[in-house]
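First comes the structure, then the notes that go with it.
Here is how names work: the chains are called A, B, and so on, in the same order as the sequence lines, proteins then strands, and each is numbered from 1. No hydrogens, no waters, no symmetry mates; every other heavy atom, side chains included, goes into these values.
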There are 2 protein chains.
Amino acid sequence: MLNNSQYTEKLRSIGLRPTKQRIKICEVLFNSNKTFHFTINELAKRITKSTNENISLATVYNTVHAFKKKGYLKEIPINSDQSYFDTNTSHHHHFYDETQKDLIDIDDADVEPVKINTRIPGKKIKSVEVLVKVEDEKP
Amino acid sequence: MLNNSQYTEKLRSIGLRPTKQRIKICEVLFNSNKTFHFTINELAKRITKSTNENISLATVYNTVHAFKKKGYLKEIPINSDQSYFDTNTSHHHHFYDETQKDLIDIDDADVEPVKINTRIPGKKIKSVEVLVKVEDEKP
DNA sequence: TTCTACATTATAATAGTTCTAAACTGTTGA
DNA sequence: TCAACAGTTTAGAACTATTATAATGTAGAA
């Protein structure tokens, strides 16, 4: 839980002017103990709902991408017609329930470290992401 | 390496009529010892190039999706503005070179089996996919 | 050969995302 | 305090990947 002046600092720290739109987006994204997954559209809807005023879609896109770039959000690699983001930026993996079309965090303690015994010369590993697709046991 | 009549059988075996378009797509996809990655657009271009005639994009989409459904192609979960497919349907994972925007197979022998010590009740695991993002060592 | 169900095709429609350019605003420094 | 400017927001257009449509074509069975 952060108050507005803390969001102001947060934004300043990554070189973004603390505009009222950005602070509102911060509130929706970070003003909770729980992390969550979202698409841009879902986020835009939440914002409209919690403020009764619209923020331009373009601004939502811009801000989400800026946060992602700065490491305040993660994008989840999943084949979908839209991008999924995660407010949980700690290292962890995901279940994707193909029946329910639902993303679920896997606690990092529940995954043995993934060992890759090969490298590409001149390249360094940036991230290792595991996606576990699941479906109903008896369809 | 398969000849056309083998593609005919392959198509019949999955309940698809062996049309000349589908056989052509088979040739481009499977007539090589090497597996490869592609996007729909790249595939359409290859087809045009190797036949000097166009196959409608809609047909390419339909056929690729039919093959995917039948397990003759795999879709690679990666965040991108377009879908990537893989003619290598054996179990394996990928590097994604973010600098080069290039997908590279990881030999399955080079990855320790991924152990997930948690389950979702009522759901069974369909696949476990590892995506290792890499970038240039000194950017 | 003829019939029918399945396929192909060009094109329109859709949807997510990015671009644009004009209006607006936070910040700086006089 | 306030002017100036660079960064920001905005609505809507543009763009792109993908899917839908509906008319035409074709493989395969009888």
Please give, in whole Å, the distance from [N] [atom2] to [X] [atom1]?
X	N	atom1	atom2	result
B/R17	D/dG28	CZ	C1'	6 Å
A/K45	C/dG16	NZ	P	9 Å
B/E9	D/dG28	CD	C1'	14 Å

Taking the side chain of [X] as heavy atoms from C-beta outward, which of [options] is closest to it?
X	options	result
A/S56	D/dT10, D/dG28, D/dA20	D/dT10
B/H65	C/dT9, D/dT19, C/dT18	D/dT19
B/I55	C/dA7, C/dT9, C/dG26	C/dT9
B/Q82	C/dT17, C/dG16, D/dA17	D/dA17
B/A58	C/dT9, D/dA11, C/dG16	C/dT9

Any chance the side chains of A/H93 and A/D105 put a donor and an acceptor closer than 3.5 Å?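 No, no side-chain donor-acceptor contact under 3.5 Å.
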Please give me the minimum heavy-atom distance between B/F85 and B/I40, naming the atom from each residue.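 Nearest heavy atoms, B/F85 then B/I40: CE1-CD1, 3.9 Å.
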Under 4.0 angstrom between B/S83 side-chain N/O and D/dA17 OP1 or OP2: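 For D/dA17, OP1/OP2 do not have a side-chain N/O of B/S83 under 4.0 Å.
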Distance check: side-chain N/O of A/R12 vs OP1/OP2 of C/dT27, anything under 4.0 Å?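 Yes, within the criterion.
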What class does the angle between the rings of A/Y7 and A/F30 fall in, given that below 30° is parallel, 30 to 60° is tilted and above 60° is perpendicular?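 Aromatic pair A/Y7/A/F30 classed tilted.
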Which part of the nucleic acid, if any, lies within reach of A/T59 when heavy atoms closer than 4.0 Å are counted: base, sugar-phosphate only, or nothing?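 Counting heavy atoms under 4.0 Å across all strands, the contact made by A/T59 includes a base.
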Take A/E135 and B/K123, measure what salt bridge (Lys or Arg N to Asp or Glu O under 4.0 Å) needs, and give me the verdict at the end. CA-CA 5 Å; A/E135 63 185 353; B/K123 306 281 177 180; over 6 Å; no
